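In what follows, every chain begins at residue 1, and chains take the letters A, B, ... in the order their sequences are listed. Nothing here was measured: the structure is a model prediction, and the numbers come from that model.
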Amino acid sequence: MSKPSIPQGTRDFSPAEVRKRQYIFNTLQAIFEQYGFQPLETPAMENLTTLIGKYGEEGDRLIFKILNNGLHEKKDADKEKLNEEWATMLSKPYNTPKVTERALRYDLTIPFARYVVMHQHELAFPFRRYQMQPVWRADRPQKGRYREFWQCDADVVGSTSLINEAELLCIYRRAFHDLNLPQVVVKINSRKLLAGLAEVCNASEQMMDITIALDKLDKIGWDGVTGELKQRGINDTGIAKIAEIINVTGTNEEKLSALEQIMSTSAVALEGIKELRDTLAYHDTLKDGNWSSELMVDISLARGLNYYTGVIVEVVCNAVKMGSIGGGGRYDDLTGLFGLKNMSGVGVSFGIDRIYDVIEELNLFPEEVASGKQTLILNFGGEDERYALNILQQLRNAGVSAEIYPDSVKFDKQMKYANKRNVTYVIIVGEEERKANKLSLKNFVTGEQELLSIEEAINIIQG
RNA sequence: GAGGCUAUAGCUCAGUUGGUUAGAGCGUCGGUUUGUGGUUCCGAAGGUCGUGGGUUCGAGACCCAUUAGCCUCCCCA
C-alpha cells in the first residue's frame with residue numbers, strides 16, 4: 001500500500017490555517033462590499049476555447065486541461081483519429097476538442113469577461129463585482145507558487161472614468177492597512193507610457209520586448225537590462241533614451257513632469273501621463289491619511305498579461321522576499337474577445353496565498369484568529385451527563401460556541417483533549433455542581449476556576 | 001523548457017574513510033494521577049533507510065537508472 005499524497009502544488013489547510021485564511025478573506029470581503037462591489041462566482045472549469053489565447057503563449061501552456069471522459073470510439077478509424085489528436089495535443093498548446101474541451105480556470109478576469117458578455121442584458125453598468133475563488137496553473141511549484149491558489153479580484157466594467165482606478169488603489173491600500181502588512185508598495189504605471197517609450201526609441205513594434213526587459217530591472221540590474229535590450233535589437237540611441245527615463249527619480253509628480261519632458265514627442269505617452277496624474281489626484285481625494293503603504297509611479301513596471309491597455313498596478317511587500325502579492329490594470333477591450341465591443345474594464349487581484357505566506361512569515365496574524373473561542377463541557381456520565389447536556393443547550397441558545405466531550409472517559413484524558421484543542425473555557429459539572437444547580441468554569445488560559453450559575457458563566461464567556 | 005539540492009520512525013533530522021542488533025528530539029500510547037490540562041519522572045510501540053539494478057566478503061553510505069519533493073531561472077499571484 002502506498003502512502004497517501006496530494007497532487008504537487010496543492011495543499012491541505014488545517015483548522016488553524018483555514019481560520020487564518022478566512023481572516024484574510026473576511027477582511028477583503030468587507031472592503032469590497034464597502035466600496036460597492038457585488039459578489040460573483042463562476043465554475044471551476046471553463047470551455048477551453050474561452051481560455052486559450054488570452055494569456056499569451058506561456059499562459060496557454062500553463063492551462064490545466066481536463067480530459068474528456070466520454071470517449072467511446074468503437075470504430076478503428078475513430079481510434080486512429082484520436083491517436084492523431086493526441087499527438088497534436090502533446091506537441092502544441094492548442095485545442096483539440098476530441099481529447100479535451102474543458103479546462104480549469106486560470107484566473108478570474110477572463111471568466112468574468114465571459115460572464116459579462118453572456119449576461120450583458122441583465123447587468124446594470126457600470127458593473128462592479130468581486131470574486132474570491134481558486135484558480136489553477138500547471139506551473140512548476142516553488143516558494144510562493146502553487147498549482148492551486150486563490151485569487152480575490154475586484155473589477156469594474158462599463159466605465160472609463162479614472163475614478164475607478166483611484167478606487168481600486170484605495171482598496172489595495174485599505175486592505176494592506178487593515179491586514180497590518182508593513183513596507184507595502186503599490187506600483188503604478190501605464191501601458192501608454194510604455195508604448196510611448198517604445199515610440200521615442202523608434203521601436204514601436206517592440207513595446208513588449210522593451211517592457212519585458214525593463215520589468216527585470218529589479219532582478220538583473222541595468223547592465224542586465226541593457227544586454228537584453230541589445231539582444232532584442234534595440235539600438236544604442238534607444239537604450240540611451242531608456243536609461244534617461246528609468247533614471248528619473250523624485251516624488252510621483254516630479255517623475256511625471258520629467259517623463260513629460262523626455263517623451264514630449266509622443267502623444268500616447270502624454271496621454272498616459274495625464275491619466276496617471278488624474279488617477280493620482282482622484283486617489284488623493286479618496287485616500288485615508290493613516291494608510292502606511294506607499295503609492296509609487298514606476299516606469300519599469302510592465303506586467304505580463306497582454307490584455308492590459310491603460311493604467312497597470314502591482315503590489316509588493318518589501319518586508320519579505322516574495323513575488324508580487326497583487327496586480328491589475330485597465331483593459332479596454334476585454335469583452336471584445338467574446339464579441340461585446342466598447343466595454344472598458346479595470347480590475348485588481350489579490351494573491352491571497354502569498355499574502356498568507358507573508359503574514360505568516362512576519363508573524364502578523366492576530367492571536368485570537370487561529371484558535372477561535374470555544375468552550376468544552378466535561379462529561380462525567382449518568383446524571384451528570386444529563387445535567388451537562390442541559391447546560392450545553394442553554395449555552396448554545398445564548399450564542400456561545402460550545403461542545404461536550406461525548407464519552408465519559410477519565411478526567412485527565414478530557415482535560416488533555418481540552419488543552420490540545422486550545423479551548424478558552426472548560427466547564428466542569430459533577431455531582432457537587434449538579435446538586436447546587438451550578439457549574440465550575442475554568443479559564444483555560446489563566447487556569448482560574450470558579451463556581452458559578454449558568455447565567456453568570458454565560459456573561460463571563462461572552463464578555 | 002533549463003539547472004541545482006534532497007529522499008532514514010507519524011514529524012524534524014543525525015548516522016564518521018563502506019564493517020555487528022540503524023539513533024536523537026518532538027509527537028503518539030501507557031503509568032505516575034479513576035475531579036484538574038499545559039510543567040516533571042518512568043516505560044512502550046513505531047523503520048525491508050523512496051523504488052529498481054550494480055560494485056563489494058559486506059551498502060543507509062559508493063555508482064547507474066527511476067520516481068517523488070524542495071529550490072533557482074523562465075514566467076507569474
Side-chain angles (χ1 to χ4, degrees), chain A residues 2-11 14 24 55-63 91 93 105-109 132-153 172 208 211-213 215-216 219-220 224 228 301-306 313-317 321-329 347-358 376 378-381 384 405 408-434 439-451:
Chain A
S2 62
K3 282 189 182 179
S5 62
I6 55 174
Q8 189 184 30
T10 65
R11 296 149 297 159
S14 68
I24 300 173
Y55 308 107
E57 201 180 319
E58 179 76 6
D60 282 352
R61 276 183 49 221
L62 299 180
I63 293 171
S91 62
R105 115 166 54 81
Y106 178 91
D107 73 353
L108 301 179
T109 309
M132 308 195 291
Q133 289 189 282
V135 302
W136 293 269
R137 294 185 190 178
D139 212 346
R140 201 134 169 204
Q142 51 188 276
K143 182 174 176 167
R145 175 175 301 185
Y146 308 98
R147 284 186 160 177
E148 177 186 67
F149 62 99
W150 288 59
Q151 290 190 329
C152 300
D153 280 27
Y172 264 147
M208 285 312 282
T211 56
I212 287 168
D215 195 39
K216 298 179 190 166
K219 279 186 182 171
I220 60 179
E228 286 245 356
L301 171 64
R303 291 199 55 74
L305 292 173
N306 49 13
V313 293
E314 186 163 285
V315 186
V316 295
C317 176
K321 192 173 175 293
M322 176 81 71
S324 64
I325 54 178
V348 293
S349 178
F350 289 83
I352 88 110
D353 298 86
R354 284 186 178 175
I355 293 171
Y356 179 101
D357 289 349
V358 170
L376 176 75
L378 301 196
N379 187 340
F380 291 86
D384 295 333
Y405 197 96
S408 167
V409 297
K410 274 201 298 188
F411 192 88
D412 177 67
K413 186 163 183 179
Q414 299 193 37
M415 287 296 269
K416 281 183 171 159
Y417 172 80
N419 189 60
K420 193 173 284 184
R421 278 290 308 276
N422 206 9
V423 301
T424 26
Y425 290 101
V426 163
I427 287 174
I428 302 161
V429 278
E431 190 178 356
E432 193 184 319
E433 285 87 354
R434 173 164 53 83
L439 55 78
S440 291
L441 181 70
K442 183 180 176 95
N443 181 321
F444 233 59
V445 181
T446 63
E448 284 166 19
Q449 180 175 329
E450 49 187 335
L451 191 65

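For the atom pair A/Asp353 CG and A/Ile355 CD1, the distance stands at 9.0 Å (nearest 0.5 Å).
Rounded to whole Å, atom C1' of B/U34 lies 14 Å from atom CG of A/Asn379. Between A/Arg137 atom CZ and B/C75 atom C1' there is a gap of 10 Å when expressed in whole angstrom units. Taking atom CD1 of A/Ile428 as the reference point, atom C1' of B/G37 lies 10 Å away to the nearest angstrom. Between A/Arg61 atom CZ and B/A2 atom P there is a gap of 10 Å when expressed in whole angstrom units. For the pair A/Asp412 CG and B/U36 P, the computed distance is 9 Å after rounding to whole Å. As a whole-Å value, the separation of A/Ile24 CD1 from B/A77 C1' is 13 Å. Summarising the geometry, the separation between OH on A/Tyr106 and C1' on B/A77 is reported as 10 Å, rounded to the nearest angstrom. A/Phe350 has its CZ atom 14 Å from the P atom of B/A77, to the nearest Å.
The side-chain tip of A/Arg137 does not point at the ring of A/Phe149 from less than 6.0 angstrom away and within 45° of straight on.
By the 5.5 Å and 30° criteria, A/Phe149 is stacked with the base of B/A77.
The base of B/G38 lies outside donor-acceptor range of the side chain of A/Arg421, with no N or O pair under 3.5 Å. The base of B/U36 lies close enough to the side chain of A/Gln449 for a donor and an acceptor atom to sit less than 3.5 Å apart. A donor N or O paired with an acceptor N or O is not found under 3.5 Å between the base of B/C71 and the side-chain atoms of A/Arg145. Evaluation of atom-type donor-acceptor distances gives no pair under 3.5 Å for the side chain of A/Glu58 against the base of B/G1.
OP1 or OP2 of B/G69 lies within a sub-4.0 Å distance of a side-chain N or O belonging to A/Gln8. Between A/Gln151 and B/A77 there is no side-chain N or O to OP1 or OP2 distance below 4.0 Å. In this model, the phosphate group of B/G35 is not approached by any side-chain N or O of A/Lys410 to a distance below 4.0 Å at OP1 or OP2.
Comparing B/A77, B/U72, B/U36 against the side chain of A/Lys143 picks out B/U72 as the nearest. When each of B/U72, B/G37, B/G35 is scored by its nearest atom to the side-chain atoms of A/Gln142, the top-ranked nucleotide is B/U72. Closest to the side chain of A/Phe411, out of B/U36, B/G37, B/C70, is B/U36. The side chain of A/Glu432 sits closest to B/G35 out of B/A77, B/G37, B/G35.
Both A/Ser324 and A/Ile6 lie near RNA chain B, and the one whose nearest nucleotide falls closer to the 5' end is A/Ile6. Mapped onto RNA chain B by nearest heavy atom, A/Pro141 and A/Gly144 fall at different nucleotides, with A/Pro141 at the one closer to the 5' end.
Look at B/C73: its Watson-Crick or wobble partner, with both distances under 3.5 angstrom, is B/G1. Under the Watson-Crick or G-U wobble criterion, with both distances below 3.5 Å, B/C11 is paired with B/G25. Across all strands shown, B/G37 forms no Watson-Crick or G-U wobble pair with both key distances under 3.5 Å. Across all strands shown, B/A45 remains unpaired; no Watson-Crick or G-U wobble contact has both distances below 3.5 Å. Across all strands shown, B/A65 pairs with B/U51; the Watson-Crick or G-U wobble distances both stay below 3.5 Å.
Taking the ring centroids of A/Tyr106 and A/Tyr55, they lie under the 6.0 Å cut-off.
Side-chain contact between A/Arg11 and A/Tyr146 is present, with at least one heavy-atom pair separated by less than 4.5 Å.
No more than 12 heavy atoms of other residues, nucleotides or ligands lie within 6.0 Å of CD in A/Glu431, so this atom counts as exposed by the packing criterion.
Minimum heavy-atom separation, A/Gly144 to A/Asp357: CA-OD2, 4.1 Å.
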